[in-house]
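Have a look at the structure below, then the notes.
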Amino acid sequence: MGTEDRAKASPMEGITDEASRNTLALNPLVAIRGEDLVDSAGILFRALVNEPKVATEQWFSFLSELGSIVAGKSERAPKPGDRRFADPAWKESSFHSGLLRAYLAWGEAVGSFVDKTSLSDIDKARAHLVTEVLIDAIAPTNIMLTNPAAVRKFVDTGGQSLWHGLKNYLDDLARNQGMPSMVDQTAFKVGETLAITPGAVIFRNELLELIQYAPTTSKVWSRPLVITPPQINKYYALDLSPDKSMVRFLLESGIQVFCVSWRNPTVAHRHWGLDSYVAALDEAVDVAREVTGSDDISMMGSCSGGITATAYFATLAGAAESKIRNMVLAVCLLDPNTADESSFGCLVTPETMLAAKEASRIRGIVDGHELARMFAWMRPNDLIWNYWVNNYLLGNQPPAFDILFWNADTTRLPARLHGDYLDLYFTNPFVNAGKLTLNGKSVDMSRIKADSYVVAGVTDHITPWKGVHKTAQIMGENTTFVLSNSGHLQSLLNPPTNPKASFMIGTVHAKGPDAFLAAAEKRKGSWWLDWRDWLHARSGEEVGAPASLGSSRHPVIAPAPGTYVFE
């Protein structure tokens with residue numbers, strides 16, 4: 001897309017495109033608190049006080065650059081693809097172009113100040129995090145009088161845009177704790193417009209419901225697939241609108257699909273730990289085996305659901321139980337130390353981990369909405385200021401986008417599970433055998449014997465792809481590794497109809513991710529098609545599709561999407 005095309009692109013299209021690449025789906029290992037940002041701000045303030053010479057040098061450098069801007073000698077320009085400054089006025093108006101260059105010069109001066117201080121590398125990273133939040137906040141696009149699109153719309157609508165923006169702002173103060181709404185909540189309804197693939201709940205325990213989906217083919221593969229989603233979001237990310245439903249695609253491919261829908265815990269469930277979730281998952285797997293008549297299953301786990309699924313699989317292997325034949329892991333970090341590669345890894349320290357664990361222990365839960373707010377401040381241009389401009393300055397309604405609706409439908413984590421996930425930083429049990437025991441069974445990845453399919457997203461900020469490659473290494477030599485050309489959630493929601501889809505594929509490389517990149521095969525299209533063929537080769541024989549869902553032992557309890565998804 002050329003510069004002119006970008007300028008003509010719909011602002012709403014830009015908002016939804018950026019946001020869909022930065023959805024929450026948070027790995028609960030990332031324990032960011034407001035206090036961590038405050039501490040980082042303190043580091044920056046102390047640097048200003050303790051190193052006035054560096055601060056003065058950068059101030060005069062900034063003043064010199066302002067002189068060049070006024071004289072028309074500055075060639076500063078925003079980074080390619082920065083949608084904030086796509087409006088033609090930022091190039092055509094001398095006022096706006098000068099304002100833009102001054103803003104960019106100020107941002108560079110602040111960043112250079114941090115780089116030239118004597119702070120340690122980790123403290124520089126923390127200081128940069130704070131300065132970037134500050135620099136993004138005062139962008140001229142965020143202010144009514146200096147945003148040309150907002151001024152133009154104010155004039156064109158006779159001031160109505162400002163009135164609508166004020167109403168949106170007051171609504172968000174009352175209903176969204178002052179954060180700009182990312183999505184029009186009235187545009188979708190679970191069970192009516194989302195999560196509508198036919199199926200039924202055939203099992204329910206205290207922690208989960210198991211959904212069996214109705215086959216859409218006359219024959220199915222005998223070995224079923226059980227999907228284990230993350231605990232921090234609702235399960236239906238893989239069954240959004242029909243055109244991007246992975247569940248629907250699998251059914252059309254003849255796969256028997258079961259999906260776990262986790263219950264949304266309350267303070268009363270604070271005692272649920274990783275062992276509780278593993279035990280509940282074991283019950284669900286036994287039900288899927290009984291209903292299909294298959295001795296074993298294939299399992300898929302994404303993000304934190306992948307951690308749960310792998311922990312469960314490892315305990316089975318340790319006890320010589322053969323319930324899982326194949327494992328599929330998507331955007332999942334099994335080595336928590338690789339989370340430090342993320343954009344907020346500088347905030348992840350033993351001290352912050354222990355503080356976060358104690359905070360959740362006291363409260364009993366971790367609220368997904370709070371995690372979402374903190375994550376938004378890590379990527380404010382995409383997750384805050386986009387909506388600030390759209391909702392308030394332009395007076396538009398937030399977008400109606402299914403991914404963003406799902407993203408806002410967060411859940412809670414029980415304190416004990418949160419603490420167990422944080423403990424993985426210290427024990428690293430998927431690398432160090434015997435460091436974790438669940439329900440009397442030890443986790444030892446060396447005992448796992450399975451074919452694995454591991455998927456990562458090249459622009460994923462939550463689970464960096466090089467860390468996910470480490471997951472593939474942990475799973476062993478019979479692992480196929482796929483690197484999708486998208487971010488955290490978009491790497492999964494990659495149907496064959498996506499014209500922009502591409503991926504790299506190959507065997508896991510012992511020398512690491514860079515060696516994989518050099519040797520991998522690049523393909524156009526969706527990795528779903530390759531995955532379908534991979535599953536077909538490992539799903540037993542084709543048999544007649546069942547005429548009804550459930551079994552005499554496990555009859556239908558409720559139609560999909562069940563009841564837990566509404567809690």
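What you see below is based on every heavy atom in this structure, not just the backbone, and it leaves out hydrogens, waters and symmetry mates. Counting from 1, the numbers follow the sequence of the chain as shown.
Expressed to the nearest 0.5 Å, how far OG1 of T480 lies from CG of D530 amounts to 7.0 Å. Atom OG1 in T315 sits 9.0 Å away from atom NZ in K323 (nearest 0.5 Å). Atom CD1 in I462 sits 11.5 Å away from atom OG in S304 (nearest 0.5 Å). Once rounded to the nearest 0.5 Å, the distance linking OG of S539 with CD1 of I255 reads 4.0 Å. Note: L489 CG to I403 CD1 = 5.5 Å, rounded to the nearest 0.5 Å. Interatomic distance, R538 CZ to N326 CG, rounded to the nearest 0.5 Å: 6.5 Å.
Ring planes of H536 and W221: parallel class, angle under 30° (limits at 30 and 60°). Taking the six-membered ring where the residue is Trp, F405 and Y236 present tilted rings, their angle falling between 30° and 60°. The aromatic rings of W527 and W531 lie tilted to each other, with the angle between the two planes from 30° to 60°. Ring-plane geometry between F85 and W90 is classed as perpendicular, the angle between the planes exceeding 60 degrees on a 0 to 90 degree scale with a lower cut at 30.
Side-chain contact check for S442 and D444: no donor-acceptor pair (N or O, by modelled atom type) lies under 3.5 Å.
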| Trace of the salt bridge (charged side-chain N to carboxylate O under 4.0 Å, His left out) decision for E321 with K441 | CA-CA 11 Å; E321 295 181 77; K441 301 174 183 178; 2.6 Å; yes
| request: Determine, step by step, whether F249 and T497 satisfy the side chain to side chain contact (heavy atoms under 4.5 Å, CB included) criterion, reporting the C-alpha distance in whole Å, the side-chain angles of both residues, the deciding distance to 0.1 Å, and the verdict. | output: CA-CA 11 Å; F249 170 81; T497 54; over 6 Å; no
| query | Hey, mind stepping through H509 and Q473 against side chain to side chain contact (heavy atoms under 4.5 Å, CB included) and telling me if it holds? | reply | CA-CA 7 Å; H509 207 293; Q473 290 179 312; 5.9 Å; no
| Passes side chain to side chain contact (heavy atoms under 4.5 Å, CB included), I297 versus L225? Steps please. | CA-CA 6 Å; I297 66 158; L225 175 71; over 6 Å; no
| field | Residue pair K244, N498: steps toward the side chain to side chain contact (heavy atoms under 4.5 Å, CB included) verdict | value | CA-CA 9 Å; K244 59 171 68 82; N498 179 6; over 6 Å; no
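Shown here for G368 and I232, the closest heavy-atom pair between the two residues is CA-CD1, 4.1 Å. Scanning all heavy atoms of the two residues, the minimum distance from P229 to W262 falls at O-NE1, 2.8 Å. Nearest heavy-atom pair across A311 and V278 is CB-CG2, 4.4 Å. Closest approach of C332 and I307 over heavy atoms only: SG-N, 3.6 Å. Looking at every heavy atom in both residues, V443 comes nearest to A314 through CG1-CB, 3.7 Å. The nearest pair of heavy atoms linking Y235 to S261 is CD2-OG, 3.4 Å.
When the options Y453, F516, W534 are evaluated for a ring-ring contact (aromatic ring centres under 6.0 Å, His included) with F481, the one that passes is F516.
The shortest distance between side-chain heavy atoms of V468 and L333 falls below 4.5 Å. Residues L250 and L238 form no side-chain contact, since every pair of their non-hydrogen atoms from C-beta on lies 4.5 Å or further apart. In this structure, the side chains of D243 and P495 stay at 4.5 Å or more apart for every pair of heavy atoms. Considering only heavy atoms from C-beta on, T471 stays 4.5 Å or farther from T310 through its side chain. With a 4.5 Å cut-off on side-chain heavy atoms, T308 and Y421 count as touching. Within the 4.5 Å cutoff, the side chain of V110 has no heavy atoms near those of the Q58 side chain. Between M299 and F313, every side-chain heavy-atom pair lies at or beyond the 4.5 Å cut-off. No side-chain heavy atom of V328 sits less than 4.5 Å from a side-chain heavy atom of S298.
Under the side-chain contact (heavy atoms from CB on, under 4.5 Å) criterion, R416 pairs with D275, S276, D420, sequence neighbours left out.
Side chain of Q231 to backbone of L413: no donor-acceptor contact under 3.5 angstrom is found. Although no hydrogens or angles enter the test, the distance criterion places no donor-acceptor pair under 3.5 Å between the side chain of R76 and the main chain of R101. For the pair S245 (side chain) and S241 (backbone), a donor-acceptor distance under 3.5 Å is absent. Side-chain N or O atoms of S526 include one that pairs as donor or acceptor with a backbone N or O of N494 at under 3.5 Å. D409 places no side-chain N or O within donor-acceptor distance of the main-chain N or O of K234, the cut-off being under 3.5 Å. In this structure, the side chain of W388 engages the main chain of N142 through a donor-acceptor pair within 3.5 Å. Side-chain N or O atoms of T459 include one that pairs as donor or acceptor with a backbone N or O of S486 at under 3.5 Å. In this structure a side-chain-to-backbone donor-acceptor pair under 3.5 Å is present from N432 to T427. A donor-acceptor pair under 3.5 Å is absent between the side-chain atoms of Y277 and the main chain of L417, judged by distance alone. A distance-only check finds no donor-acceptor pair linking the side chain of R523 to the backbone of I505 [under 3.5 Å].
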In residues 129-138, what donor-acceptor pairs under 3.5 Å come from side-chain atoms, sequence neighbours left out?
unit_1 : atom_1 : unit_2 : atom_2 : d
T131   : OG1    : A127   : O      : 3.3
T131   : OG1    : H128   : O      : 2.9
D136   : OD1    : N381   : ND2    : 3.2

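Contact check on D115 versus K124 returns no salt bridge, with no Lys/Arg side-chain nitrogen under 4.0 Å from an Asp/Glu carboxylate oxygen.
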